[in-house]
Amino acid sequence: MDEWILQLKSSYYSIVFSLFLLLLIRVFVVLRDLRRQRSSSSSSSSFRTENRRKSAVRTLIVLGSGGHTTEMMKLVTFLSDNYSPRHYVVANTDNLSREKVATAEQLRIENGKNSQFLLSAVPRSREVMQSWLSTIFSTFYSLLYSLFIVFSTPPDLVLCNGPGTCVPLCAAAFLSRVLFIKKTKIVFIESICRVNSLSLSGLLLYYFVDEFIVQWPQLKDKYSLVNYLGRIV
């Protein structure tokens, strides 16, 4: 009986190890493909041309607080009606961003444009003055919410511009691709405020996005896998 239990445990550990190894290989393959794709298109961007596409694009838009939200909402006004439905995600304590979404979508209605949208909230990955140690736990908590949002309504496109809230959401979208659930395209647009270096969110997501857009030429010289489009917001 004891020998049978030992064999069962050994088989269980072997299966778990094999699955973990397969997952690592899959992550490596996805990262390799992303790097090749971005290296071959580093001199041009598909973001502007895709805005003229005719098919519907379910778009997840991550809003931070303050300047991040202002920049992103400016960008959203230039999106065609094909980027619909729009799924806005805000931090659960960010009431100002909620108001800006409602105002922007009401304006689209008044201008005769499509206004199909959703609004969800996730816990903040890190509050102001929060210790880095506790940030590990709050980020994991935020990741659980992000996984539910991304897996329940898989987006075709994720748009973000640097708030900490975007990291777990982009991680969830990346995992969705790794697990063959949905090949979601992630576009990271660095804030206009980042002149000489990338934000912490940008550094964390640098290798995990489909397109990384900067708004200052010196960043293009410093980071080889980014696209410089000039000022877009």
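Values in this document were obtained by computation on a predicted structure and should not be read as measured data.
- Remark: of the listed residues Glu105, Arg86, Glu110, Glu105 is the sole one forming a side-chain hydrogen bond (donor to acceptor under 3.5 Å, both in side chains) with Ser115.
- Distance check: Arg194 CZ to Gln215 CD gives 12.5 Å after rounding to the nearest 0.5 Å.
- For the atom pair SG (Cys160) and CD1 (Ile61), the distance works out to 11.0 Å, reported to the nearest 0.5 Å.
- The two residues Leu225 and Arg35 make their nearest non-hydrogen contact at CD1-NH1, 3.4 Å.
- Grouping the Ile, Leu, Val, Met, Phe, Trp and Tyr side chains by contacts below 4.5 angstrom, directly or via other members, places Met72 apart from Leu96.
- Note on Arg177 versus Asp210: salt bridge recorded, some NZ/NE/NH1/NH2 to OD/OE distance being below 4.0 Å.
- Placement of Met73 and Leu107 in two distinct hydrophobic clusters is found when ILVMFWY residues are connected by side-chain heavy-atom separations under 4.5 Å, directly or transitively.
- At a threshold of 4.5 Å between non-hydrogen side-chain atoms, the residues Val30 and Leu34 count as touching.
- Atom CZ of Arg98 and atom CG of Leu119 lie 5.5 Å apart (nearest 0.5 Å).
- Atom-to-atom distance recorded for Cys166:SG and His68:NE2 is 8.0 Å, nearest 0.5 angstrom.
- Remark: side-chain polar atoms of Ser142 are paired, donor with acceptor, to backbone N or O of Pro123 under 3.5 angstrom.
- Nearest heavy-atom pair, Leu219 versus Ser197, reported as atom, atom and distance to 0.1 Å: CD2-N, 3.4 Å.
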Worked verdict on Lys222 versus Trp216 for side chain to side chain contact (heavy atoms under 4.5 Å, CB included): CA-CA 11 Å; Lys222 195 172 182 179; Trp216 293 93; over 6 Å; no
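- Hydrophobic cluster membership is shared by Ile186 and Ile181, with clusters built from Ile, Leu, Val, Met, Phe, Trp and Tyr side chains linked at under 4.5 angstrom.
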Verdict with supporting geometry, Leu169 and Val158, side chain to side chain contact (heavy atoms under 4.5 Å, CB included): CA-CA 9 Å; Leu169 286 160; Val158 173; 5.6 Å; no
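- Shortest non-hydrogen contact noted between Phe208 and Leu204 is CD1-O, 3.6 Å.
- Taking every heavy atom of both residues into account, Gly64 and Asp94 meet most closely at O-OD2, 2.7 Å.
- Of all the heavy atoms in Thr70 and Lys100, the pair that sits closest is OG1-NZ, 3.0 Å.
- Between the side chains of Ser176 and Thr184, no donor-acceptor pair is found at a separation under 3.5 Å.
- The nearest pair of heavy atoms linking Asn82 to Ser55 is CB-O, 3.5 Å.
- Taken to the nearest 0.5 Å, the CG atom of Leu60 stands 8.5 Å off from the CG atom of Leu159.
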Test side chain to side chain donor-acceptor pair (under 3.5 Å) on Thr153 and Arg58; report intermediate values, then the result. CA-CA 9 Å; Thr153 54; Arg58 180 181 289 274; 5.1 Å; no
Evaluation steps, side chain to side chain contact (heavy atoms under 4.5 Å, CB included), between Leu144 and Phe148: CA-CA 6 Å; Leu144 295 179; Phe148 175 77; over 6 Å; no
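- Hydrophobic clustering of Ile, Leu, Val, Met, Phe, Trp and Tyr side chains at less than 4.5 Å, counting indirect connections, unites Leu21 with Val29.
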Show the numbers, then the answer: is there a side chain to side chain contact (heavy atoms under 4.5 Å, CB included) between Ser138 and Arg124? CA-CA 7 Å; Ser138 58; Arg124 287 187 183 274; over 6 Å; no
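- Separating the CD atom in Gln218 from the OH atom in Tyr228 is a distance of 8.0 Å, to the nearest 0.5 Å.
- If you look at Tyr141 and Tyr145, their ring centroids are closer than 6.0 Å.
- Hydrophobic cluster membership is shared by Leu179 and Ile149, with clusters built from Ile, Leu, Val, Met, Phe, Trp and Tyr side chains linked at under 4.5 angstrom.
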